[in-house]
Every structure is written in C-alpha cells, then in structure tokens.
Q: 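The following block contains the structure, expressed as structure tokens.
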Amino acid sequence: MTDISKSTTPANKVRVRFAPSPTGVLHIGGIRTALYNYLLAKQQGGSFILRIEDTDQGRYVPGAEAYIAEALQWCGMIPDEGPGFGGEYGPYRQSERKDIYRHYALEMIEKGTAYYAFDTPEALDAQRQADPNFKYGAAVRMSLENSLTLGLEEAERRIAAGAPWVIRLKVVENETIHIHDLIRGEVTFQTSELDDKVLLKSDGMPTYHLANIVDDHLMKITHVIRGEEWLPSTAHHVLLYRALNWEDTMPQFAHLPLIMKPVGNGKLSKRDGAKLGIPVFPISWKADKPEDAVVGFREYGFLPDAVVNFLALLGWSPGTEQEIFSMEELSSAFSIEKISKSGARFDFDKAKWFNQQYIMARDNATLAAMVRPIVEAHGHQPEAAFLEAFCGLMKERVTVLPEFWDNGYYFFEEVHSHDLSGIAKKWKKEQRPVFDLLLEAFSVLSQFDVENLKAATDQFMAQNELKTGDVFPVLRVALAGTMKGPAIFDMMALLGKAASVKRLQNAFDYFDQAI
RNA sequence: GGCCCGUUCGUCUAGGGGUUAGGACGCAGGAUUUUCAUUCCUGUAACACGGGUUCGAUUCCCGUACGGGCUACCA
C-alpha cells in the first residue's frame with residue numbers, strides 16, 4: 001500500500017489525473033478532458049497522472065491501454081506518472097490495487113458508514129421491473145438482505161459460508177451536500193435522493209466510486225477535472241471522503257461540458273465518425289471486427305498541434321481574440337474558470353481550418369518528413385530537396401496531409417487525366433506550330449528557373465501576339481491536368497527541363513487529337 | 001418519471017445592468033493572383049420565451065420551453 005507519509009510531494013503541488021477505463025477507443029472528448037488536466041498541471045508546475053480504471057473485468061479490451069498511451073503521446077501529453085511512466089504512487093492500474101480498496105471498504109464497515117448486502121443483481125433487477133423508481137437507499141435498505149437487517153455476525157457467517165456479497169455505502173439521511181464546482185459554482189444534492197452505491201462488487205473489485213476516491217486521496221490529487229456525466233455522483237464521492245475522514249484534503253472538482261454530435265441531438269458518440277465519414281478519434285484503431293475499426297485524426301492527415309489547438313478551444317476560451325496556440329501558450333493562458341458551461345458541438349470544418357493553419361506555418365523540411373510516407377506509399381522515393389520544394393509549393397493548398405498527394409501527384413508521375421474544359425476553346429490545331437516555338441524556347445534555356453522561364457514566355461507571347469490567357473491555361477493543364485495548382489514556372493522549375501518539355505509535348509499531342 | 005446541469009449569430013465563443021452585442025469557422029461578394037489556394041476587404045447572422053427587480057435588462061431573480069447528463073455489482 002502507498003505510504004503517504006514517505007511522499008516527497010509538497011502539500012500544495014498541483015496533481016491531476018486522467019483516468020480512462022480501457023474499454024475500447026477513446027474519442028476526442030476524452031482527449032480534451034486529458035488536455036485540460038494536462039494544461040493545468042503544466043501551468044502550475046504540477047503533475048499529470050495517467051491512471052487506468054480497469055475495474056470492470058467484463059468490459060476490458062486488450063490493447064485499449066496501449067491505445068490510450070499512444071494517443072496521449074501523439075498529442076504531446078506525456079504523463080508524469082502512470083503505468084509505464086513511473087511515479088511513486090503506483091501501481092496505476094486499479095486492477096492491481098484490489099487490496100487497497102478492500103481495506104478501506106472494510107474500514108467503512110467497521111465505522112458503520114458501509115454495510116454488506118446480499119441481494120443479487122437478478123433480485124434487484126426484479127425490483128426495478130416491479131417499480132421503475134426503485135432505489136436501494138435509506139427508504140428500503142431496512143427491508144432488504146444486508147448486514148443492517150441481519151446483523152454483522154450473521155452477515156459474516158453468510159460470507160464465510162460462501163454467499164455472494166457486496167459492500168454498499170450507507171448514505172446518511174436528510175442532509176444537503178454542497179459541492180463547489182470550479183466551473184459551475186455551487187451545486188447541491190439532497191442525500192434523500194441518493195442511493196446506497198455499491199462500493200465493492202461481488203467479484204472483489206471496487207466500483208468506480210470507491211476506487212476513484214481512494215486513489216485520488218492516496219495519489220494526492222488536488223483537482224478532479226472530468227466529464228459532466230460525473231456530476232450527479234459527486235455527492236456520493238463527497239460522502240465517501242467524509243466517511244473515510246479525508247474531507248479536509250478532498251480535491252477540487254471541475255465538471256466539463258460534453259462534446260456534442262456534429263449533427264442531430266446528443267453527445268458525440270463513437271458511431272458519429274463512421275456515419276459522417278469524419279474522424280472523432282485521435283488515432284486509428286484496428287478492431288477484430290472491421291465494423292469496430294475507426295480512423296483517427298492522425299491517419300486522416302491532421303497534425304497533433306492542430307488537433308490540440310482545436311480541442312482546447314472547443315469549450316474553453318482565453319477571453320482574447322487569439323485563435324492559434326501552441327501547447328505552451330495554451331498552458332499559460334489556460335484557466336478552469338473560463339471553461340464554458342454548455343456542451344460544444346463538434347465542428348469538423350473548424351478542425352480542418354486549424355490543420356490548414358498549422359500546415360501552412362510548418363517549415364518545408366518538417367512537412368516533407370510527414371509527406372514522405374504518403375508519397376512512398378505510391379511507389380516514389382523523391383530526393384529530400386525535391387520533396388521539400390514540393391511541400392513549399394503545395395502547403396498553402398492543402399488542409400490535410402494526404403492532399404499533398406491528391407492535389408500534387410503529378411510532380412511524381414505522369415498526369416492521370418487532363419481536364420480539357422478550361423482550355424477546349426483556347427486550343428486550336430493551327431496554333432500547334434506556335435506552341436512548338438515556345439517548347440523550343442524552353443528547350444534552349446541554360447538555366448531552367450522561374451526568371452528565365454518567365455522571360456522566355458514573355459518574349460514568346462510578345463512575338464506571337466498572345467496573351468497570358470491564351471498561354472498559361474494551356475501550359476497548366478498540359479503540366480498538371482488541372483486548372484488548379486502552384487504557379488506554372490515554379491512547377492516547371494521543380495519538374496526540370498527534360499520532364500517539363502516532354503510532358504508539354506505529349507500533352508500537346510493529346511490536345512491535338514482530343515480537342 | 002425523478003434528480004442535477006445548461007441556453008449569445010448555422011457552429012465555436014467574447015462580453016456584461018446603459019455596447020453600433022466583439023472575434024473565429026462556415027457561407028456570400030470583392031481586391032490581389034495566369035489558375036487554385038493563401039492574404040486582405042466587405043457582407044450575412046445571435047442575447048430561447050414569460051414574468052419580476054431596476055430609471056434601465058441580453059446581463060440579476062423566478063417560472064416555462066428546449067437541450068444535455070445521471071438514474072447498474074459500467075465507467
């Protein structure tokens with residue numbers, strides 16, 4: 001068991017935790033929760049702790065923990081403590097802390113703030129069937145099978161005899177619980193509305209409620225920043241802190257608004273991504289069943305900084321008009337009080353805008369490193385200088401990484417198809433000899449750079465009484481197959497003389513027979 | 001149903017008792033550009049409703065409506 005007396009942590013040091021359960025993929029909402037925790041920790045010089053809440057053996061998904069760790073790392077949020085990350089408050093997997101929880105559950109029985117209960121899940125389900133408002137609480141606990149009605153001795157005899165049992169919190173009667181939430185302010189609950197939550201399950205594992213309170217206490221957590229879905233059970237958590245005599249060091253609570261579906265009603269769910277063809281997960285997940293597989297922002301071609309920036313502003317605002325924030329800027333500007341109270345709709349257009357901003361701002365070498373795998377996947381191994389120059393030409397024209405290829409593949413291989421709609425009226429067979437003159441002019445250029453190409457073209461246009469509108473679109477479609485793209489001379493200079501001239505020639509031949 | 005939370009442009013939000021209610025995304029138009037994109041400019045569009053309190057309420061209070069969450073031996 002963790003011995004807190006040996007801890008070297010200063011009493012006032014901020015310690016926050018991100019505590020997901022490894023039941024599958026973590027969507028963007030979870031990442032945002034982690035981010036807000038991380039930002040507070042970094043800002044305060046505190047610690048960001050990853051704790052794996054794997055107390056539900058039935059829902060455990062192998063690989064989910066590794067997924068969570070990888071997703072956090074991709075986003076640039078490396079835990080200071082956690083499974084595989086070290087730390088002096090471990091173990092950080094709740095399944096490895098069973099004895100600790102049992103110890104405190106038993107302590108509560110001794111103090112009379114908890115009791116053994118023997119009603120099976122089936123029996124309770126039957127009760128709920130009969131009465132939809134059934135609640136295992138003060139009003140009914142004296143008429144059910146538990147150590148309150150049976151007596152502790154009889155209860156222990158049953159347990160010794162092998163009867164299945166749980167431990168439940170004995171919620172105190174007729175009290176008002178006040179919670180000061182950092183985001184919502186004062187929130188109150190009547191204990192008469194609360195049920196006697198199971199603390200220790202019949203399989204010996206704790207429920208979220210017990211494990212959470214015990215771990216947050218032992219790990220010296222100072223701020224609990226978690227989703228709004230936990231607000232209703234916070235009253236139980238306060239009762240638990242009280243029952244264990246830890247109320248004076250209870251962490252502060254901040255309940256985050258949820259992220260809502262891009263379209264329709266309700267909170268963002270796993271299915272929304274597949275339904276709309278957009279990513280709602282940080283990174284991809286390859287599931288056993290194909291229908292469970294998901295694509296992540298990473299694989300979709302987002303930069304982690306862009307995702308972080310987008311997420312930070314989805315439900316939080318610094319109060320200034322700044323939109324672009326590095327992780328460092330976020331952590332210095334962050335404040336829990338400025339988190340908004342209402343749910344924020346997931347806006348993929350805005351996510352793309354952030355990504356475009358980050359791509360444009362990145363230097364060519366960095367982009368080249370990100371784009372290389374995409375280009376290589378299409379069977380090309382460009383030289384570093386070429387790829388960097390390519391990125392420089394394309395980066396203002398893409399919003400996600402794969403578009404470097406989609407919109408610029410013609411820098412690596414021949415044009416797949418020519419869009420003739422823009423030049424059909426401009427291309428005239430009788431002008432072919434004239435364009436051949438331009439090809440000739442290009443061919444004799446000693447320096448195949450932008451200035452010389454421009455000079456040669458200007459001269460050509462002047463001599464043949466042609467306007468840019470007669471020439472440039474033709475060159476563009478011939479070179480790229482499309483009317484969109486970087487400046488023509490930039491393209492040609494990068495392609496090089498031989499490739500440019502040959503490509504123009506072939507395209508002109510094609511135009512002659514196609515138009 | 002019960003309990004809890006929320007409600008400013010289509011979306012993310014700033015603001016806050018007296019403002020032309022600000023910014024961003026998106027959309028529309030324009031300028032620049034050989035094209036696309038970038039950049040710049042302009043436009044579009046909001047305080048859910050009803051009562052209070054107040055000289056004055058979008059801002060404070062109460063209701064209503066609507067939205068959200070919880071209501072498991074899941075987290």
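Order of the sequence lines sets the chain letters (A, B, ...), proteins ahead of strands, with each chain counted from 1. The structure displayed is predicted, hence computed values, not measured ones.
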Q: With a 3.5 angstrom cut-off on both distances, give the Watson-Crick or G-U wobble partner of B:rA14, or none if there isn't one.
A: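 In the structure as shown, B:rA14 has no Watson-Crick or wobble partner.
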Q: Is A:Arg397 salt-bridged to A:Glu403, cutoff N-O under 4.0 Å?
A: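 A salt bridge is absent here (no side-chain N lies under 4.0 Å from a carboxylate O).
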Q: When all nucleic acid strands are considered with a 4.0 Å heavy-atom cut-off, which category describes A:Met394: base, sugar-phosphate, or nothing?
A: nothing
Q: Determine the Euclidean distance between corresponding C1' atoms of B:rC12 and B:rG30; express it in Å to zero decimal places.
A: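 Going atom to atom, C1' in each nucleotide, I get 27 Å.
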Q: Nearest whole angstrom, please: distance from the C1' of B:rU13 to the CZ of A:Phe310.
A: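 In whole Å, B:rU13 C1' lies 13 Å from A:Phe310 CZ.
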Q: How far, in whole Å, is B:rG18 from B:rC60 if one measures between their P atoms?
A: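 It comes out at 11 Å once rounded to the nearest Å.
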Q: What residue among A:Phe354, A:Phe281, A:Phe297 forms ring pair (Phe, Tyr, Trp, His ring centres under 6.0 Å) with A:Phe302?
A: A:Phe297
Q: Once you measure the plane-to-plane angle for A:Phe448 and A:Phe442, does it fall in the parallel (<30°), tilted (30-60°) or perpendicular (>60°) bin?
A: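 The arrangement is perpendicular - the two ring planes meet at more than 60°.
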Q: Measure from NZ or CZ of A:Arg226 to the centre of the six-membered ring of A:Phe253, then state whether that distance is under 6.0 Å and the direction lies within 45° of the axis.
A: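 So A:Arg226 doesn't make the cation-pi contact.
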Q: In chain order, what residues pass the side-chain contact (heavy atoms from CB on, under 4.5 Å) check against A:Ala117, with sequence neighbours excluded?
A: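 Expected list: A:Tyr115, A:Asp119, A:Tyr136, A:Asn146, A:Val166, A:Arg168.
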Q: If the C1' atom of B:rU35 is compared with that of B:rG67, how far apart are they to the nearest Å?
A: 46 Å
Q: Treat primed atoms plus P, OP1 and OP2 as sugar-phosphate and everything else as base, then score nucleotides 23-36 of chain B 5' to 3': B for base contact with protein heavy atoms under 4.0 Å, S for sugar-phosphate contact only, - for none.
A: SBS--------BBB
Q: What pairs with A:Ser192 under side-chain contact (heavy atoms from CB on, under 4.5 Å), at least two apart in sequence or on another chain?
A: A:Gln190
Q: B:rG50 pairs with which nucleotide, Watson-Crick or G-U wobble, both distances below 3.5 Å?
A: B:rC62
Q: What does the B/S/- profile of nucleotides 42-48 of chain B look like, 5' to 3', with a 4.0 Å heavy-atom cutoff to protein?
A: -------
Q: Nearest whole angstrom, please: distance from the C1' of B:rA14 to the CG of A:Leu313.
A: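 Going from CG in A:Leu313 over to C1' in B:rA14 covers 12 Å.
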Q: Are the charged groups of A:Asp272 and A:Lys261 less than 4.0 angstrom apart, N to O?
A: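 Between A:Lys261 and A:Asp272 there is a salt bridge, with a charged N closer than 4.0 Å to a carboxylate O.
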Q: Taking any heavy-atom pair under 4.0 Å as a contact, classify A:Phe189: base, sugar-phosphate, or nothing.
A: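 It contacts sugar-phosphate atoms only.
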Q: Expressed in whole Å, how much space separates the C1' atoms belonging to B:rG1 and B:rG15?
A: 39 Å
Q: Which value, in whole Å, describes the distance between the P atoms of nucleotides B:rC3 and B:rG63?
A: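 Straight-line distance between the two P atoms is 13 Å.
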Q: Using a heavy-atom distance cut-off of less than 4.0 Å, which residues of residues 399-412 of chain A contact RNA chain B?
A: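 Contacts with RNA chain B under 4.0 Å: none.
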Q: Mind telling me whether A:Trp427 and A:Phe435 have parallel, tilted or perpendicular rings, with 30° and 60° as the class edges?
A: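 Because their plane-to-plane angle lies in the 30° to 60° range, the rings of A:Phe435 and A:Trp427 count as tilted.
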Q: Considering only atom C1', compute the distance from B:rG26 to B:rG68 and round it to an integer number of Å.
A: 25 Å
Q: Counting only Watson-Crick pairs (N1-N3 plus N6-O4 or O6-N4) and G-U wobbles (N1-O2, O6-N3), all under 3.5 Å, who is the partner of B:rU44?
A: B:rG26
Q: Does the distance from a Lys or Arg side-chain N to an Asp or Glu carboxylate O, for A:Asp347 and A:Arg345, drop under 4.0 Å?
A: no
Q: Which value, in whole Å, describes the distance between the C1' atoms of nucleotides B:rC27 and B:rU19?
A: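 Approximately 27 Å lies between the C1' atom of B:rC27 and that of B:rU19.
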Q: Flag the pair A:Lys170 and A:Asp196 as a salt bridge only when some basic side-chain nitrogen lies within less than 4.0 angstrom of an acidic carboxylate oxygen.
A: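 No, no charged N to carboxylate O under 4.0 Å.
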Q: Do A:Asp195 and A:Lys135 meet the salt-bridge criterion of a basic N to acidic O distance under 4.0 Å?
A: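 So A:Lys135 does not pair with A:Asp195 through a salt bridge.
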Q: Using a 4.0 Å heavy-atom cut-off across all strands, classify A:Lys338 as base, sugar-phosphate, or nothing.
A: sugar-phosphate
Q: Please report the distance separating the P of B:rG29 from the corresponding atom of B:rU64, rounded so that it comes out in whole Å.
A: 46 Å
Q: Can you build the contact string for nucleotides 65-75 of chain B? Use B for base contact, S for sugar-phosphate-only contact, and - for no protein heavy atom under 4.0 Å.
A: ---SBS-SBBB
Q: Among A:Phe310, A:Trp353, A:Tyr300, which residue satisfies the ring pair (Phe, Tyr, Trp, His ring centres under 6.0 Å) criterion with A:Phe348?
A: A:Tyr300
Q: For A:Gly315, report the nucleic acid contact type (base, sugar-phosphate, nothing); a contact means any heavy atom under 4.0 Å.
A: sugar-phosphate
Q: Would you kindly say whether A:Ser95 and A:Asp54 are connected by a side-chain donor-acceptor distance under 3.5 Å?
A: yes
Q: Between A:Glu228 and A:Arg184, is there a salt bridge with N-O shorter than 4.0 Å?
A: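 Between A:Glu228 and A:Arg184 there is a salt bridge, with a charged N closer than 4.0 Å to a carboxylate O.
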Q: Verify whether the ring centers belonging to A:Phe118 and A:Trp165 lie closer than 6.0 Å.
A: no
